[in-house]
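The first residue in the sequence is number 1, and the count goes up from there.
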Amino acid sequence: MRRDWAGRRQQSEIPPADDAAAWFGGRLPEGWFTGDPEVTVDRDEIVVVGELPAPTGEYADDAARAAAEDGRISRFREETRDERIDIARQAEHRYQRKVAWGARIGGTKVLFTTLSAPVMTRLRQPERLVLDTLVDAGVARSRSEALAWAVRTVGEHADTWLAELREALTKVDDLRAKGPDLG
């Protein structure tokens, strides 16, 4: 059994997915996307988002252009469904994580059936009051939705700090891998 940075036992070990972007880049059919897809990995899921060619034509306004982009993404989703499922099954076997897909054209980005993972947390009354205020104000319909909103908001406003923290954790993992095996 493996231990984390604080010495706690980890239940199960999932394989690393450091090469997932390269694997998807080599596995995806030619012509699906205009370039390499954006591949985001966490402990539970791999999300693959690719840029599609923009629709050609003149549009009366931004709303019409956005509708055309949404239509192109919808067509891609339908036309590639069976092949995306096959690729996802292979990746899920290889990386032991669910795979979700998405597409982007210009300012339109659509994710297809992403995983919503339950997360257990214990909150004291001051934190619960924050969630209840968000619910009472109509920002969210439930405490769960309010917590998700709060996490998204922090993520949007703390990107630089979170990136530095992830980089530091990677360095810790590298040092741990170089150290002696105490098991």
d(Ile105 CD1, Phe76 CZ) to nearest 0.5 Å is 9.5 Å
For Ile85, the side-chain contact (heavy atoms from CB on, under 4.5 Å) test, sequence neighbours excluded, returns Arg81, Arg89
(Q) Surrounding CD of Gln125 (heavy atoms of other residues, nucleotides or ligands, distance under 6.0 Å), is the total greater than 12? (A) no
Please step through side-chain contact (heavy atoms from CB on, under 4.5 Å) for the pair Trp23 and Val39, ending with a clear verdict.
CA-CA 10 Å; Trp23 187 86; Val39 178; over 6 Å; no
May I ask you to decide if Ala64's main-chain N or O and Asp61's side chain share a donor-acceptor pair within less than 3.5 Å? yes
Is Trp101 linked to Val49 within one hydrophobic cluster, defined over Ile, Leu, Val, Met, Phe, Trp and Tyr using a side-chain heavy-atom separation of less than 4.5 Å?
no
* Asked: Taking the side chain from Glu127 and the backbone from Leu123, do they hold a donor-acceptor pair closer than 3.5 Å?
  -> no
Just by distance, do the side chain of Ser74 and the backbone of Asp70 share a donor-acceptor pair under 3.5 Å?
no
Taken to the nearest 0.5 Å, the spacing of Leu28 CG from Arg84 CZ works out to 11.0 Å
Connected via hydrophobic side-chain network under 4.5 Å: Val47 and Leu52 = no
* **Any donor-acceptor N/O pair, Arg104 side chain to Val110 backbone, under 3.5 Å** => no
Closest heavy-atom pair, Val139 versus Glu145, reported as atoms and distance to 0.1 Å, is O-OE2, 4.3 Å
When rounded to the nearest 0.5 Å, the distance separating CG of Leu134 from CG of Leu129 is 11.0 Å
Applying side-chain contact (heavy atoms from CB on, under 4.5 Å), run through Glu156 and Val151 and close with a yes or a no.
-> CA-CA 9 Å; Glu156 290 169 5; Val151 169; over 6 Å; no
### Task
Please answer whether the main-chain N or O of Glu83 pairs with a side-chain N or O of Thr80 as donor and acceptor at a distance below 3.5 Å.
no
Scanning both residues in full, the closest heavy-atom pair of Thr113 with Ala100 reads O-CB, 3.8 Å
I'd like to know if Asp174 and Lys171 make a salt bridge, using a cut-off of under 4.0 Å between side-chain N and carboxylate O. no
Between the CZ atom in Phe24 and the CD atom in Glu38, the distance rounded to the nearest 0.5 Å is 13.0 Å
CZ (Arg65) and OG1 (Thr108) are apart, to the nearest 0.5 Å, by 10.0 Å
Residues Ala146 and Val135: closest non-hydrogen pair is CB-CG2, 4.3 Å
- Do Glu92 side-chain atoms and Val99 backbone N/O form a donor-acceptor pair below 3.5 Å? yes
| N-O pairing of Arg27 and Asp86 below 4.0 Å | yes
Between Arg72 and Pro53, the two heavy atoms sitting closest are NH1-O, 3.0 Å
Could you go through the side-chain contact (heavy atoms from CB on, under 4.5 Å) check for Met120 and Arg122 one step at a time? CA-CA 7 Å; Met120 176 63 181; Arg122 296 187 187 284; 4.1 Å; yes
Problem - Arg77 (side chain) donor-acceptor with Phe112 (main chain) under 3.5 angstrom - result: no
Rounded to the nearest 0.5 Å, the CG atom of Asp159 sits from the CD atom of Glu164 at a distance of 11.5 Å
*Salt bridge flag under 4.0 Å for residues Arg97 and Asp44*: no
- Query: Would Lys98 and Glu45 pass as an ion pair if we require N to O under 4.0 Å?
  - Reply: no
Test Lys109 against Leu111 for side-chain contact (heavy atoms from CB on, under 4.5 Å), laying out the working first. CA-CA 7 Å; Lys109 178 180 177 181; Leu111 297 178; 4.0 Å; yes
